[in-house]
Amino acid sequence: MHRSSVTFFLAASLLVSANSSADARVDYLLHCAGCHLPDGSGVPPDMPSLRGDPGKIVSLPQGRDYLLRVPGASQALLDNADLAQVVNYMMTEFNRDSLPADFKPFTEKEVAEARGRVLADPAKLRAELWEQYEARETTLLQ
Ligand code: HEC
């Protein structure tokens, strides 16, 4: 998209954003889509897709925390309430199929607590979480 059409699109979205999910979409486009693309598909392997895996990761004890602590999320120039909305938008828009039925939306308080602990090595924790996820799935299938 040409830059001026992006600006027009964002301005139009801001004008019509009467509810928080529209605001969350605009914030996602401004703060995350540059790397993860507007539809969350990313540019793997450098910029991971946000479609599918976060819905699986969120069900692990340390997983919720991880999703808030990755540098792209924790260091975004958004306040805690807005970041919670953006991450919730990511979960419900891009992870509909993998989201656990008992998923509870991220709260401002939870974001405030987690984002201060920015992950120095996201790939390492992700590998550990993924191992836990696969081990649990294998146990459930037996
Ligand atoms: C400058 C590029 C960039 C921006 C902007 C960015 N991210 Fe990321 N994101 C990454 C990279 C790279 C990773 C892989 C982990 C790492 O190296 O930080 C990642 C990983 C993630 C993950 C973990 C995905 C997984 O499956 O492990 C989540 C969730 C995430 N980002 C959410 C966001 C959100 C929400 C925003 C906007 C508030 C955002 N990111 C902005 C580059 C970015």
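These numbers were taken from a predicted model, which means no experiment stands behind them. First listed ligand is number 1; within each ligand, the first listed atom is number 1. Count residues from 1 along the sequence.
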Applying the salt bridge (Lys or Arg N to Asp or Glu O under 4.0 Å) test to E113, which of R117, K109, R115 qualifies? R117
Within 45° of the ring axis of Y89 and under 6.0 Å from its six-membered ring centre, is that where the NZ or CZ of R25 lies? no
Show me the side-chain donor-acceptor pairs of residues 121-134 shorter than 3.5 Å, one per line, residues at least two apart or across chains.
| residue | atom | partner | partner atom | Å |
| --- | --- | --- | --- | --- |
| D121 | OD1 | K124 | N | 3.3 |
| R126 | NH2 | D53 | OD2 | 3.0 |

Report all N/O contacts between ligand 1 and the protein shorter than 3.5 Å as a table of atom names and distances to 0.1 Å; if there are none, say 'none'.
| residue | atom | partner | partner atom | Å |
| --- | --- | --- | --- | --- |
| ligand 1 | 7 (N) | H36 | NE2 | 2.8 |
| ligand 1 | 9 (N) | H36 | NE2 | 2.9 |
| ligand 1 | 26 (O) | R126 | NE | 3.3 |
| ligand 1 | 26 (O) | R126 | NH2 | 2.7 |
| ligand 1 | 27 (O) | Y66 | OH | 2.6 |
| ligand 1 | 27 (O) | R126 | NE | 2.5 |
| ligand 1 | 31 (N) | H36 | NE2 | 3.0 |
| ligand 1 | 40 (N) | H36 | NE2 | 3.0 |

Considering only Ile, Leu, Val, Met, Phe, Trp and Tyr, and joining two whenever side-chain heavy atoms are under 4.5 Å apart, list the other residues clustered with L141. none
ring-ring contact (aromatic ring centres under 6.0 Å, His included) partners of residues 49-69, not counting sequence neighbours, each pair once: none
4.5 Å side-chain heavy-atom contact, Q85 and L78: no
